[in-house]
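Heads up, the thing below is written out as structure tokens.
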Amino acid sequence: AIGVGDFSRAALLMLVALAIDSVDGTLARAVGVSEVLPDIDGRRLDDIVDYLNYAIVPAAFMVAAGLILSWGWLILPVLSSAYGFSQQDAKTEDDFFLGWPSYWNVVALYIWLLDIGPGLATAIVSAFALAVFVPLKYIYPSKLTVWRGVTTIGALVWGAFIVAALLFPERAERLHLLEISLVYPAYYMGLSAWLGGWLRVRR
């Protein structure tokens, strides 16, 4: 879809991949994949697929759609995400992501849908690339022990708003659905700051 310039379809497919990723681990544990296929490292496979879906595909999307100043800037998300995914403690023992978890598909979608200019878009991409290296904890939605229901419902509503913005852009624009959808990323960051103890004094 990206190759032929069908960015709406590509965006929808990125959302489908995001939805699959939100349940694949839960489904794998439910049916006991590790017992049926003990020689397969599901976590490694998940990391490979996630790196493709969350870094490589969004980078290709941003290049093809001309969203940033030049293709060279996409080295930042590709390499920072490679660093993030390869860290032993990328996922902490208490079920957080350590460092910004490379949600480049979400960044790419918002840059494209909000029609953000290349200069500002490049600055946004650079800032999030740096955030990968900052060891702050971000929530792992599918493993939350508190606020899980609210977070799940919020994610579903967010997804519905983004799909509506893609399929019915004029109506979504009248209702400001895209702008309203930004509440969920803000909620995600706020909950991460609270549960991850960003402001907690370290002794």
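This structure is a prediction, so every number in the text was calculated from the model and none was measured.
Note on residues 173-182: pairs passing side chain to side chain donor-acceptor pair (under 3.5 Å), not counting sequence neighbours, are Y110-S181. For residues 121-132, no pair satisfies side chain to side chain donor-acceptor pair (under 3.5 Å), with sequence neighbours left out. Contacts classified as salt bridge (charged side-chain N to carboxylate O under 4.0 Å, His left out) and involving residues 119-130 (residues at least two apart or in different chains) are not found. Among residue pairs with one or both ends in residues 4-29, those qualifying as salt bridge (charged side-chain N to carboxylate O under 4.0 Å, His left out) are D6-R9; sequence neighbours excluded.
The backbone N or O of A19 sits less than 3.5 Å from a side-chain atom of S22, completing a donor-acceptor pair.
For the side-chain contact (heavy atoms from CB on, under 4.5 Å) criterion with S80, the lone passing option out of F128, W100, W104 is W104.
Atom CD1 in I20 sits 11.0 Å away from atom CG in L15 (nearest 0.5 Å).
No more than 12 heavy atoms of other residues, nucleotides or ligands shown are found within 6.0 angstrom of CZ on F168.
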Stepwise, does the side-chain contact (heavy atoms from CB on, under 4.5 Å) test hold for I2 with V57? CA-CA 9 Å; I2 292 170; V57 170; 4.0 Å; yes

Carefully, step by step, assess I139 and Y188 under the rule side-chain contact (heavy atoms from CB on, under 4.5 Å). CA-CA 8 Å; I139 60 169; Y188 177 90; 3.3 Å; yes

Please report the C-alpha distance between L98 and Q87 in whole Å, then the side-chain angles of each, then the deciding distance to 0.1 Å, and finally whether the side-chain contact (heavy atoms from CB on, under 4.5 Å) criterion is met. CA-CA 9 Å; L98 191 62; Q87 293 304 294; over 6 Å; no

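Ring centers of Y138 and F96: at least 6.0 Å apart, outside the cut-off. Taking the six-membered ring for Trp and the full ring otherwise, Y140 and F97 have centroids separated by under 6.0 Å.
Under the 4.5 angstrom side-chain criterion for Ile, Leu, Val, Met, Phe, Trp and Tyr, the cluster partners of I75 are L79.
Aromatic ring orientation, W112 versus F61: perpendicular (interplanar angle above 60°, classes split at 30° and 60°).
Under the side chain to side chain contact (heavy atoms under 4.5 Å, CB included) criterion, A28 pairs with V33, sequence neighbours left out.
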